[in-house]
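Take a look at the structure below.
Counting starts at 1 for both ligands and their atoms, in listed order. We're numbering straight along the sequence, starting at 1.
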Amino acid sequence: MRKTHLVSGGCGFVGRNMVNRLFKNTEDRIIFVDDLSVGTDPSTWLDAPLQREDKNASFYGEGERLVFIKEDFRNTLHSLNNNKNHFQETYGMDFEKFADVFHFAAIVGGRAKIDGDPMMVALDLSIDAEFFYWVCRHKPARVLYPSSSAAYPVDLQTDTNAIALSESDIDFTRMGQPDMTYGWSKLTGEYLAHIAAKYYDISVTCIRPFSGYGEDQDLTYPVPAIAARAANKEEPFEVWGSGHQGRDFVHIDDVLDCTLLAMDKISDGTAINIGQGRLTSFLEIIDIFTDLAGYKPTIKPLLDKPVGVHSRYCNMDYVKETLGWEPKISIREGMRRVYEKAVENNK
Ligand SMILES: NC(=O)c1ccc[n+]([C@@H]2O[C@H](COP(=O)([O-])OP(=O)(O)OC[C@H]3O[C@@H](n4cnc5c(N)ncnc54)[C@H](O)[C@@H]3O)[C@@H](O)[C@H]2O)c1
């Protein structure tokens, strides 16, 4: 029988890329849930025709292999916790248990949201707590929990003390301070993942993606926003802060490759970095995009904008040693793809 996977937050940036990847690379059924608070309607990005609608579910593709459920994932979890056959009874689907469960539903929103409305971001704690409670009862075959580089101690990311962050820089017996409520919720999520693996025998993998980017990312994120402004030949070119602050940018295709490999090899809740292992400043990103656009602008720093930590990048040695994985898409190649999309969007 074909497998059935569950993707929460399946209409967000990472979620919709994963839904598309699973749809293309497997014959399995994919159920994805999103309240569309940020995510985009699947009819705009799914390469499969709508077959029918039933209550809040939309069925797409041959054999109705894709099922989108529009609701707050916490409501889905309440329904599942009250009735383990909720999906079967409500939508007439036939399956025993979920195979892979990818949990991407979260309030994220970039720097403006992380610093500007931290209590809203803290709602991630409630989404994750409900999620792990259900996981430990349902016992799906495998679980993916996306933590974040924001879980790392901020004192290792300052202008005078920035190191390539290694997985061991998060130590639950000696905690540092993570980045705002966003980082706290991710640390808590990682802790719950360990508990799920150790006490409930759940196969769970945690990833700490650094700055994931891609062609279809929301314009509230810096990479596509800078690409769009370069494509419009902005002059002078605005940058948040001095622009010397840096991140470890990694293309979404690499993030997905590494995630799926990690799920095959890690089941005890261990968290791994996903990045290039390289620090790139925002000024360098602007330089790449304006070079692609064929001009050299004057830089205008916006010093009142939130910039977060000064330097956040990772050490990828552990991933290379344990998974034998390295990113394939260079910064220049990834940014070229984003730039081409920005030019296309401008037409
Ligand atoms: N994009 C990255 O580079 C990156 C880096 C580190 C960690 N992550 C993590 O990966 C996950 C996905 O991130 P993203 O970049 O795709 O973010 P995103 O905001 O694009 O996607 C999150 C999705 O969850 C949905 N959502 C939010 N609350 C919900 C709720 N209560 N019920 C149902 N749906 C809900 C939103 O509508 C959105 O579609 C998050 O947990 C994020 O912390 C992402």
Taken to the nearest 0.5 Å, the spacing of L6 CG from F102 CZ works out to 9.5 Å
Quiz item: cation-pi between R312 and F210, 6.0 Å / 45°: no
One pair per line, please: each N/O atom of ligand 1 matched with every protein N/O atom under 3.5 Å away, atom names first, then the distance to 0.1 Å.
{"residue": "ligand 1", "atom": "3 (O)", "partner": "G212", "partner atom": "N", "Å": "2.8"}
{"residue": "ligand 1", "atom": "16 (O)", "partner": "F13", "partner atom": "N", "Å": "3.2"}
{"residue": "ligand 1", "atom": "16 (O)", "partner": "V14", "partner atom": "N", "Å": "2.8"}
{"residue": "ligand 1", "atom": "20 (O)", "partner": "F13", "partner atom": "N", "Å": "2.9"}
{"residue": "ligand 1", "atom": "31 (N)", "partner": "D72", "partner atom": "OD1", "Å": "2.9"}
{"residue": "ligand 1", "atom": "32 (N)", "partner": "F73", "partner atom": "N", "Å": "2.7"}
{"residue": "ligand 1", "atom": "34 (N)", "partner": "D35", "partner atom": "N", "Å": "3.2"}
{"residue": "ligand 1", "atom": "34 (N)", "partner": "D35", "partner atom": "OD1", "Å": "3.4"}
{"residue": "ligand 1", "atom": "37 (O)", "partner": "D34", "partner atom": "OD1", "Å": "2.7"}
{"residue": "ligand 1", "atom": "37 (O)", "partner": "D35", "partner atom": "OD1", "Å": "3.4"}
{"residue": "ligand 1", "atom": "37 (O)", "partner": "S37", "partner atom": "N", "Å": "3.3"}
{"residue": "ligand 1", "atom": "37 (O)", "partner": "S37", "partner atom": "OG", "Å": "3.2"}
{"residue": "ligand 1", "atom": "37 (O)", "partner": "V38", "partner atom": "N", "Å": "3.0"}
{"residue": "ligand 1", "atom": "37 (O)", "partner": "G39", "partner atom": "N", "Å": "3.0"}
{"residue": "ligand 1", "atom": "39 (O)", "partner": "G12", "partner atom": "N", "Å": "3.0"}
{"residue": "ligand 1", "atom": "39 (O)", "partner": "D34", "partner atom": "OD1", "Å": "3.3"}
{"residue": "ligand 1", "atom": "39 (O)", "partner": "D34", "partner atom": "OD2", "Å": "2.6"}
{"residue": "ligand 1", "atom": "39 (O)", "partner": "G39", "partner atom": "N", "Å": "3.1"}
{"residue": "ligand 1", "atom": "41 (O)", "partner": "K186", "partner atom": "NZ", "Å": "2.8"}
{"residue": "ligand 1", "atom": "43 (O)", "partner": "Y182", "partner atom": "OH", "Å": "2.5"}
{"residue": "ligand 1", "atom": "43 (O)", "partner": "K186", "partner atom": "NZ", "Å": "3.0"}

Any luck finding a side-chain donor-acceptor pair between T280 and R247 under 3.5 Å? no
Would you call R278-D248 a salt bridge at under 4.0 Å N-O? no
Which pair of heavy atoms, one from F68 and one from C11, lies closest together, and at what distance? CE1-SG, 3.6 Å
side-chain hydrogen bond (donor to acceptor under 3.5 Å, both in side chains) against Q276, all qualifying residues, sequence neighbours excluded: none
